[in-house]
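Below you'll find the structure, written out as structure tokens, and then a few comments.
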Amino acid sequence: MASTTLADDIRQKLGTLSPAERKVARVILAGYPAAGFETVAVLAERAAVSAPTVIRFVNRLGYQGFPDFQAVLREELDARNASPLSLYESAGFGRSEADEGRDGGTPDDGTRRRTQEDTGPDSALLRRGSQVFTGAVTATLAELPPHDFEHAVRLLSDRKRRITLAGGRFTHLLAQYLGLHLMQLRDDVRFLPDRDVERTAVLAALTRRDVLVVFDYRRYESDKTTMAALVQEQGGKVVLFTDTWLSPAAPHAEVVLPSRVTAPSPYDSLVPTLAVLETVVAGVIKALGDEARKRMQHGEDVARRTGLY
């Protein structure tokens, strides 16, 4: 599967559409993906265009008709909602009764197939892992929008802002990884508390100076979308780490940093996201300059005096 979603494809082709077709595109993007399953008549009415304009719009995207367009959208949704268990059973890995989803647990194409390499000697599986992870990391870094990456670095290195990090079932590990690095480089970095009362207090106190860093991968967690919307309403900024299908929290984010999730198993890989995090940390260090060095030196001194090193 291509790394882009239908929404990405629509955005990329906006400049080639007629004014009337762009109206259809905006209606679909505003309500994506649900809007794509409306009838032609409903979409035409919502976009204030004719039904033939809707058909021309999907033809311009390369589809033979509206049913073809919706079939591709349905395949995309099937992939984004897949779990490790369903992939384990349907993609040739076997059957399991206990697998749980890792924040999403979907492959890049939704139809991972067991290859001869996967069933061969361990050395073959190692080669397979090398190919998959190398390709995923390379593609992820190549596809990251430079503007979004630079904006993320600016927000995370702005010492006037307070940083709060929140992860998911598995990605809380990545939130901690990034947060621990940021704590060594600057002040005002914290993790969203787990307990309800403390979490509510932190979210209620967010203001325009706050940046919420959210990790949300398939299968998405609804509380991440709610938190992102809340921060946006209160004037704060949201930096979202997600997969190539994009979390439902994306419309509320100031910055969206997607990563490939391809893996040689039915579980989504977080390796490409880790590469993005390492690159972001390097950017923050560069942006902070000597202030980062001073902060790191002070941390080293305190750790030695207190016997932590």
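Annotation: side chain of Leu165 is in contact with side chain of Val189 (closest heavy-atom distance under 4.5 Å). Proximity of Leu178 to Phe215: side-chain heavy atoms (C-beta onward) are separated by under 4.5 Å at one or more points. Residues Phe149 and Val255 are not in side-chain contact: their nearest non-hydrogen atoms beyond the backbone lie 4.5 Å or more apart. Between Glu143 and Arg260, some side-chain heavy-atom pair lies under the 4.5 Å cut-off. Side-chain contact between Val231 and Asp210: absent, with no pair of heavy atoms (C-beta onward) separated by less than 4.5 Å. You'll find the side chain of Phe69 reaches within 4.5 Å of the side chain of Leu6, heavy atoms only. The shortest side-chain heavy-atom distance between Thr200 and Val197 does not fall under the 4.5 Å cut-off. Counting heavy atoms from C-beta on, the side chains of Met227 and Leu212 come closer than 4.5 Å.
At a cut-off of 3.5 Å, with distance as the only test, a side-chain donor of Arg56 or Thr53 sits close to an acceptor on the other residue. Side chain to side chain, Thr225 and Ser222 fail the donor-acceptor criterion of an N or O pair below 3.5 Å. A side-chain donor from one of Thr164 and Arg190 sits under 3.5 Å from a side-chain acceptor of the other.
Using the six-membered ring where Trp is involved, Phe170 and Tyr267 have ring planes that are tilted, between 30° and 60° apart.
In terms of heavy-atom proximity, Pro258 sits nearest to Leu144 at O-CD2, 3.5 Å. In terms of heavy-atom proximity, Thr262 sits nearest to Ser269 at O-CB, 3.3 Å. Heavy-atom minimum distance, Asp216 versus Pro248: OD2-CD, 4.3 Å. In this structure, Ala152 and Leu257 approach most closely via the heavy-atom pair CB-CD1, 4.0 Å. In terms of heavy atoms, Leu240 sits closest to Ser247 at CD2-CB, 4.0 Å. Heavy atoms only, all atoms of each residue included: Gly129 and Pro264 are closest at CA-CG, 4.4 Å.
Between the CZ atom in Phe57 and the CG atom in Leu43 there is a gap of 8.5 Å [rounded to 0.5 Å]. Distance CG/Leu61 to NZ/Lys13: 5.5 Å, rounded to 0.5 Å. The CG atom of Asp243 sits 8.5 Å away from the OG atom of Ser259 when rounded to the nearest 0.5 Å. Taken to the nearest 0.5 Å, the CZ atom of Arg154 stands 10.5 Å off from the CZ atom of Arg161. Note that the CG atom of Leu141 and the CD atom of Glu278 stand 11.0 Å from one another [nearest 0.5 Å]. Atom CZ of Phe133 sits about 12.0 Å away from atom OG1 of Thr140, to the nearest 0.5 Å.
Taking 4.0 Å as the cut-off between side-chain N and carboxylate O, Arg199 and Asp196 do not count as a salt-bridged pair. Between Lys294 and Asp290, at least one side-chain nitrogen of the basic residue sits less than 4.0 Å from a carboxylate oxygen of the acidic one, meeting the salt-bridge criterion. Using a 4.0 Å cut-off between charged side-chain N and carboxylate O, Glu291 and Arg295 make no salt bridge. Contact check on Arg209 versus Asp188 returns a salt bridge, with a Lys/Arg side-chain nitrogen under 4.0 Å from an Asp/Glu carboxylate oxygen.
Met296 is connected to Leu277 through a chain of hydrophobic side-chain contacts under 4.5 Å among Ile, Leu, Val, Met, Phe, Trp and Tyr, so both are in one cluster. Taken together through direct or relayed side-chain contacts under 4.5 Å among Ile, Leu, Val, Met, Phe, Trp and Tyr, Ile55 and Val42 form parts of separate hydrophobic clusters. Residues Leu173 and Val276 are members of separate hydrophobic clusters, defined by side-chain heavy-atom contacts under 4.5 angstrom among Ile, Leu, Val, Met, Phe, Trp and Tyr. Met183 and Val302 fall into different hydrophobic clusters, where Ile, Leu, Val, Met, Phe, Trp and Tyr are joined by side-chain heavy atoms under 4.5 Å apart, directly or via other members. Residues Leu180 and Leu156 share a hydrophobic cluster, clusters being chains of Ile/Leu/Val/Met/Phe/Trp/Tyr side chains in contact below 4.5 Å.
Side chain of Thr134 to main chain of Gln131: no donor-acceptor pair is present (N/O by atom type, distance under 3.5 Å, no hydrogens or angles). In terms of modelled atom types and a separation under 3.5 Å, the side chain of Gln70 and the main chain of Glu38 share a donor-acceptor contact. Counting only distance, with no hydrogens or angles, the side chain of Glu21 and the backbone of Ser18 share a donor-acceptor pair below 3.5 Å. Distance alone, capped at 3.5 Å, is enough to place a donor-acceptor pair between the Thr279 side chain and the Ala275 backbone. Using modelled atom types, one side-chain atom of Thr171 and one backbone atom of Gly168 make a donor-acceptor pair closer than 3.5 Å. Put simply, the side chain of His172 gets close to the backbone of Arg169: a donor and an acceptor are under 3.5 Å apart.
For Arg74, the salt bridge (charged side-chain N to carboxylate O under 4.0 Å, His left out) criterion is met by no residue, not counting sequence neighbours. Among residues two or more places apart in sequence or in another chain, the ring pair (Phe, Tyr, Trp, His ring centres under 6.0 Å) test is passed with Tyr177 by His181.
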Is there a side chain to side chain contact (heavy atoms under 4.5 Å, CB included) between Val211 and Arg162 once you walk through the steps?
CA-CA 6 Å; Val211 175; Arg162 179 171 53 190; over 6 Å; no
Applying side chain to side chain contact (heavy atoms under 4.5 Å, CB included), run through Leu206 and Leu230 and close with a yes or a no.
CA-CA 9 Å; Leu206 295 177; Leu230 180 65; 5.7 Å; no
Chi angles and distances behind the salt bridge (Lys or Arg N to Asp or Glu O under 4.0 Å) call for Arg305, Asp301:
CA-CA 6 Å; Arg305 290 184 62 184; Asp301 294 342; over 6 Å; no
Using the side chain to side chain contact (heavy atoms under 4.5 Å, CB included) rule, take Thr244 and Val261 through it: C-alpha gap first, then chi angles, then the decisive distance, then the call.
CA-CA 8 Å; Thr244 54; Val261 294; 5.8 Å; no
Could you walk me through whether Phe37 and Leu73 pass side chain to side chain contact (heavy atoms under 4.5 Å, CB included), step by step?
CA-CA 8 Å; Phe37 291 109; Leu73 181 58; 3.5 Å; yes
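Within a 6.0 Å sphere centred on CD of Glu45, heavy atoms belonging to other residues, nucleotides or ligands number 12 at most.
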